[in-house]
Student: 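First, the structure itself, so that you have it in front of you.
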Amino acid sequence: MATGRARIAASILDADHANLGYAVKRCEREGADRIHIDVMDGHFVPNLTFGPKMIKGLRRRTALPLDAHLMISEPGRYIEEYVEAGCDSITFHVEIEEAIAPTLEKIRAAGRAAGLAVKPGTPLSALEPYKLLLDIVLVMTVEPGFGGQTFMRDVAQEKLPAAREYLSHKVHGAEVHVDGGVNRETAELVGGLGVDVLVVGSALWIKGHDMGREIRLVKALADAGYQYRLNEGRPPIPRDKMARFTQLPREFAWKFMAEIEAGGIPVIALRGGGQSNPDGSQDYDLMVPATVEGLTIERHGEARDRYRAAADRWREAYAAEHGWTAPRQAR
Ligand code: DX5
Ligand code: ZN
């Protein structure tokens with residue numbers, strides 16, 4: 001099962017076209033989340049690729065969802081064929097010169113996800129009239145037509161956050177896709193810009209490269225980018241990192257730990273490097289996850305001062321009554 005946030009749609013544009021059945025199986029085996037199919041008509045873009053019949057054939061070869069990216073002038077004319085071929089989502093370009101809404105409606109009526117793609121030079125505002133009909137916004141970060149082109153950073157920076165905004169009416173299931181020049185060099189950036197699906201093409205088909213490793217890398221980098229963003233640009237705090245909240249003698253530590261945990265913050269008590277006490281014991285470290293250190297201080301900072309003061313009073317009283325016992329050896 002996919003973990004993390006980012007999803008990888010493997011574009012088969014740069015695969016061996018004589019062996020596409022094998023290509024989609026390989027993508028599936030190597031951990032891709034979707035198959036991205038670039039349909040080109042030699043008219044909307046200066047390149048020609050696959051049609052619905054081929055998609056229908058591929059449908060049987062993989063359990064992965066098929067995302068069709070139609071770079072064709074007349075999607076309205078052929079839309080039924082693509083639905084019928086078994087595409088899970090169909091995205092076409094907003095720059096076409098025919099009515100757009102009816103085609104989006106047809107896709108949705110068939111129970112598939114409907115998307116619009118924007119070329120690098122097209123402002124996102126072109127999508128405005130169709131906002132409520134969209135499940136997917138596909139932002140192109142290269143000119144459509146070919147794999148292996150250079151990623152357009154400015155376009156990504158400007159459009160990806162805005163695209164997410166465009167889909168804010170749809171609380172669940174809406175997706176921003178980025179397509180063009182996505183690889184290990186650019187994944188962290190687009191992840192940080194909140195993209196949901198990264199279309200990766202040529203980077204997966206380099207001879208002698210391990211496709212699975214490439215997919216895992218791009219995904220991990222995109223997720224790391226997203227975490228940075230959540231953390232306001234600072235390096236993300238690893239989820240397993242613990243921070244010392246305070247040190248207290250055993251009785252105090254146990255009581256305080258229960259108080260903190262009652263509010264849902266997990267605490268680990270470590271017999272540790274705390275100061276020595278007159279009864280021969282050593283203070284315990286109370287550790288909380290570093291990700292919630294701030295919250296713990298906010299909630300329990302004052303209590304921490306009280307506990308520390310109480311521990312001091314106990315030490316003094318104990319020492320006055322019994323004197324100091326030599327520190328016990330840690331068991
Ligand atoms: C280009 C296609 C892309 C292409 C991306 O028009 O829409 O899906 O496969 O290839 P890379 O990842 O090499 O830019
Ligand atoms: Zn594409």
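All residue numbers in this chain count up from 1 along the given sequence. Whatever order the structure lists them in is the order used to number ligands and atoms, beginning at 1.
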Student: Measure from the ring center of F92 to the ring center of H69 and say whether it is less than 6.0 Å.
Tutor: no
Student: Before accepting this row, confirm whether a basic side-chain N of the pair R184/E214 lies closer than 4.0 Å to the acidic partner's carboxylate O.
Tutor: yes
Student: Given H36, which of L138, I12, V200 fulfils the side chain to side chain contact (heavy atoms under 4.5 Å, CB included) condition?
Tutor: L138
Student: Please find out if less than 6.0 Å separates the ring center of Y318 from that of W324.
Tutor: no
Student: Verify whether one side chain among Y228 and E188 offers a donor that lies under 3.5 Å from an acceptor in the other.
Tutor: no
Student: Give every pair made of an N or O atom of ligand 1 and a protein N or O atom lying under 3.5 Å apart, one pair per line with both atom names and the distance to 0.1 Å, or write 'none'.
Tutor:
from	atom 1	to	atom 2	distance (Å)
ligand 1	6 (O)	G145	N	2.8
ligand 1	7 (O)	D38	OD1	2.9
ligand 1	7 (O)	H69	ND1	3.3
ligand 1	7 (O)	D179	OD2	2.8
ligand 1	8 (O)	H36	NE2	3.3
ligand 1	8 (O)	D38	OD1	3.1
ligand 1	8 (O)	D38	OD2	2.8
ligand 1	8 (O)	D179	OD1	2.7
ligand 1	8 (O)	D179	OD2	3.0
ligand 1	9 (O)	S11	OG	2.7
ligand 1	9 (O)	D38	OD2	3.2
ligand 1	12 (O)	G201	N	2.9
ligand 1	13 (O)	G148	N	2.7
ligand 1	13 (O)	S202	N	3.0
ligand 1	13 (O)	S202	OG	2.5
ligand 1	14 (O)	G181	N	2.7

Student: Of the options R34, R7, K219, R164, which is the one that meets D196 in a salt bridge (Lys or Arg N to Asp or Glu O under 4.0 Å)?
Tutor: R164
Student: May I ask you to say whether D135 pairs ionically with K170, meaning some side-chain N is under 4.0 Å from a carboxylate O?
Tutor: yes
Student: Would Y307 and H300 count as a ring pair (Phe, Tyr, Trp, His ring centres under 6.0 Å) here? Give the steps.
Tutor: CA-CA 10 Å; Y307 270 100; H300 303 282; 9.5 Å; no
Student: Does this structure show an ion pair linking R315 with D279, if we count only N-O contacts that are shorter than 4.0 Å?
Tutor: no
Student: Which of the protein's N, O or S atoms come within less than 2.8 Å of the Zn ion (ligand 2), not counting waters?
Tutor: H36 NE2, D38 OD1, H69 ND1, D179 OD2
